[in-house]
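Numbers restart at 1 for each chain; the letters A, B, ... are given by sequence-line order, proteins then strands.
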Amino acid sequence: MPKPKPRVIYWFRTDLRLHDSPALKAALGLKPECLYPIWTWDPHYVYHARVGPNRWKFLLDCQNDLSKSITKLNSKSKLLLIREAPQTLFPKLFKEWKITHLVFEKDTDAYARERDEKVVELAKKAGVEVIIKTGRTLYDPDELVKQNKGKPTMSITQVQAAGAKIGSIPRPIPSPKSLPDPGTTNLSFVQDKPANNPDINSTQRNAEESSYTGLAGPNNDFSIPTMSELGLKEATTPHRGGESIALKMLASIIANEDYTATFEKPKTAPTAFDPQATTLLSPHLHFGSLSAREFYWRVQDVVTNYKGRASQPPTSLTGQLLFRDMYFGAQAALGYAFGQTYNNPHCRFIPWHLPSTIHPGSGLITGEYQIDDAEAEVFFRRWKEGRTGFPWIDALMRQLRTEGWIHHLGRHAVACFLTRGGCYVDWERGAEVFEEWLIDHEAACNIGNWQWLSCTAFFAQFYRCYSPVAFPLKWDKEGEFVRRYVPELAGFDNKFIYEPWRAPIVDQKRWGCLVRGDGTESAEEDGKVKMYPKPMFDFKERRDVCIRGMKNAYKIGLHGDDPKVLDGSWRELFDDKAAGPTEGSKGPPGAMVEEEDGVGAGCENADGHEEVDHKSPPNPPARKKGASAKSDTKKRTHKREASQGTLDGIVTRKKNKA
DNA sequence: TTCAGGGTTGTGCAC
DNA sequence: TGTGCACAACCCTGA
């Protein structure tokens, strides 16, 4: 009896493309009788990760574009959106569609690993063969770690050395010319509707989320959900997703040989907009609408043939991709611990303000944080809402919120400002905001960059501090970037554009904007004159406080896995007057602060601060000098459950203590 | 074991 | 307008 022809599911995840897909090539290599291109509507992304409307929009763009491209190759085919968690869906789907093979691209994100392990186990039980290929990064992150003596890749030289041992980066694979038909798409089984608790993304919606109404969608046609079906607020980003756009953008970059071959990241202006100074391909790399290897080799070929002097890694374009691989290698080796200080052997312990709450069972951060200091909470809110009173910082945060993208050096500026160079607030708070707002949010890179900028890992020269005045001045003396994103200040003279509080009142009036208050007052209160807040602190003063705090923490030299960090007794080593929550000699795990009313007490509706609403909620009162940090302690319902990957609420996360 | 040199992307001043 | 250096001082790598 002849062997039946394979019936294959190709499971799309972070590889929303047809070009350069080793996994798709493997699927087609099976010469299947039918190929089902599917996307499982993972409740993690819908409910449990922090995903703002702009990134949602980008994802839906990518899916729609991919689906069209599939249909172009086979009019009977398209991307089949199935509205259920992969962990419950697959066993039923395997049976219903008589599947013989499941093929997908490897994903080393902490959650993705767990999800995929579970799916592989289910496939094995169902007698389905699983094929997994690497294609998301230049190198397989696990292989990179292996060649780095089993350790996380913490520097670019380590990546280059380990990469050299692995061998050359694979050349990209062309897109397929045709695709097999899908088989019958009947779904006779019952949908397991996923739980929507916790629904972290509720703040992203202004209508009911209804994407789980039926396995194949509202019209039973496997359609890609719409923003309104998801109940999401309007997306405001001008940036669009999809493989077609990504390849066009790449082609236009490659066509400019000088730009491609001589690109040096530190020399690109963070103040440039329309057009920006860098490629803006990062969101496409995130969703896989552009292959990193395609990008690498298209650039490398230009560099090889370039007649002039080409730039080199790490500052060159290919160097940027090596940094991406470095962070993937660090994450691959450390798993969930990579995304937090607590229990992370490679992350320096600094007693930042607003520390994360640690789940006592798993040792993982819960997504909630402790307000150890009311002033720090005010700093954090004003930072997030773009009303610090420092125009450079506020312009960046407003660009981030509305457009979902800011230049890499802009990210440096705001990250340094929030952590070691201003507010002394935990880097995990900043990483959460970026996670919510960035359209190119890549867990590994976001976490790694926040650790870099806060000098807790990867980088240690904490005395190199970005000034919110001097740094932008280097790039944009006229303050055009500020005028674009902080229009209240559009009329200000160049001399005061980064320090508007120094302008004489008479000039402020003449230029149509008064510098006063904290940014919560309505602009109309003064007739036609607009208002811009006063700076929330004296930068030089805060910089000195922060550097002293950092110096002290470095001297004490704890890392996230130190027993004193794990049990809270690190306090014995820090002076009560040091920056951060340092009072007393012992406390709960990590940098958490003891709660007056015990675990679980406190503010239930704290998510109100997620809203950028200058009228509400009011800022908490500043802490009186000498008052106990305890008295200000509140538990926030600020959830970030499993934000490092795409965790599904149905599957319980492994304990991280092993 | 020690120590010089380098580390993608600081600031402020002198020349 | 650009370059070089002090500032105060971190870690890691390799000789």
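- Distance from the side chain of A:R348 is smallest for C:dC11 among the nucleotides B:dG12, B:dT11, C:dC11.
- For A:E264 and A:S311, the side-chain atoms include no donor-acceptor pair closer than 3.5 Å.
- We find that CG of A:N148 is positioned 13 Å from C1' of C:dT13, with the value rounded to whole Å.
- At whole-Å resolution of the value, CZ in A:F539 and C1' in B:dT11 are 10 Å apart.
- For the side-chain contact (heavy atoms from CB on, under 4.5 Å) criterion with A:F492, the lone passing option out of A:I497, A:V486, A:D507 is A:I497.
- Separating the P atom of C:dC7 from that of B:dG7 is a span of 22 Å, rounded to the nearest Å.
- Two residues, A:S155 and A:I547, neighbour DNA chain C, and the one matched to the more 5' nucleotide by heavy-atom proximity is A:I547.
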(message) For a quick check, with a 4.0 angstrom heavy-atom cut-off, what is the B/S/- contact string for nucleotides 2-7 of chain B, read 5' to 3'?
(response) -----B
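- Between the CG atom of A:D544 and the C1' atom of C:dC7 there is a distance of 13 Å, rounded to whole Å.
- Across C:dG4 and B:dG6, the matching P atoms stand 15 Å from one another, rounded to whole Å.
- With a cut-off of 3.5 Å on both Watson-Crick or G-U wobble distances, the partner of B:dT11 is given as C:dA6.
- Within the 4.0 angstrom heavy-atom criterion, no nucleotide atom of any strand lies near A:Q312.
- Here the separation of C:dG2 from B:dT8, taken at their P atoms, is 25 Å to the nearest Å.
- Among B:dT8, B:dT11, C:dC10, the nucleotide with an atom closest to any side-chain atom of A:F471 is B:dT11.
- Only the P atoms considered, B:dT1 is 27 Å distant from C:dA9, to the nearest whole Å.
- Side-chain contact between A:Q461 and A:Y463 is present, with at least one heavy-atom pair separated by less than 4.5 Å.
- On the P atoms, B:dA14 is 16 Å away from C:dA8, given to the nearest whole Å.
- If you measure from atom CZ of A:R420 to atom C1' of C:dC11, you get 14 Å, rounded to the nearest angstrom.
- Near DNA chain B, defined here as any heavy-atom distance below 4.0 Å, the residues from residues 404-412 of chain A are A:H408, A:L409, A:H412, listed numerically.
- Aromatic ring orientation, A:H407 versus A:W405: perpendicular (interplanar angle above 60°, classes split at 30° and 60°).
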(message) With ring-ring contact (aromatic ring centres under 6.0 Å, His included) as the criterion, how do A:F379 and A:F390 come out once you've worked through the C-alpha distance, each side chain's angles and the decisive distance to 0.1 Å?
(response) CA-CA 12 Å; A:F379 291 167; A:F390 294 97; 9.9 Å; no
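- Between A:F58 and A:F287, the ring planes are parallel. Angles under 30° get that label, and only those over 60° would be called perpendicular.
- Among the protein residues, A:F323 comes within range of the nucleic acid bases, having at least one heavy atom under 4.0 Å from a base atom.
- Pairing each heavy atom of A:L489 with each of A:C513, the nearest pair is CD2-SG, 4.1 Å.
- Rounded to a whole Å, the CG atom of A:L558 is 13 Å from the P atom of C:dC11.
- Rounded to an integer number of Å, the gap from A:Q320 CD to B:dT9 P is 12 Å.
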(request) Kindly indicate, with the supporting measurements, whether the criterion side-chain hydrogen bond (donor to acceptor under 3.5 Å, both in side chains) is fulfilled by A:Q331 and A:D109. (result) CA-CA 7 Å; A:Q331 179 181 243; A:D109 277 13; 2.9 Å; yes
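- Near DNA chain B, meaning a heavy atom under 4.0 Å away, the residues from residues 258-286 of chain A are A:K265, A:P266.
- If you take CZ of A:R543 and P of B:dG10, they are 12 Å apart, rounded to a whole angstrom.
- Across all strands shown, A:K551 has heavy atoms under 4.0 Å from sugar-phosphate atoms exclusively, and none from any base.
- Straight-line distance between the P atoms of B:dT9 and C:dT1: roughly 25 Å, to the nearest whole Å.
- Side-chain contact between A:W383 and A:V425 is absent, with no heavy-atom pair separated by less than 4.5 Å.
- Shown here is A:K495, whose NZ atom has no more than 12 heavy atoms of other residues, nucleotides or ligands within 6.0 Å.
- Aromatic pair A:W450/A:F458: centroids not less than 6.0 angstrom apart.
- Checking the phosphate oxygens (OP1, OP2) of C:dC12, no side-chain nitrogen or oxygen of A:Q158 falls inside 4.0 Å.
- The partner of B:dC3, taking Watson-Crick or G-U wobble pairs whose two distances both stay under 3.5 Å, is C:dG14.
- Classified by interplanar angle (parallel below 30°, tilted 30° to 60°, perpendicular above 60°), the ring pair A:F574/A:F349 is perpendicular.
- Among all heavy-atom pairs drawn from A:R571 and A:T582, the shortest one is CG-O, 4.1 Å.
- For A:K477 and C:dT1, the NZ to P distance is 8 Å, given to the nearest whole Å.
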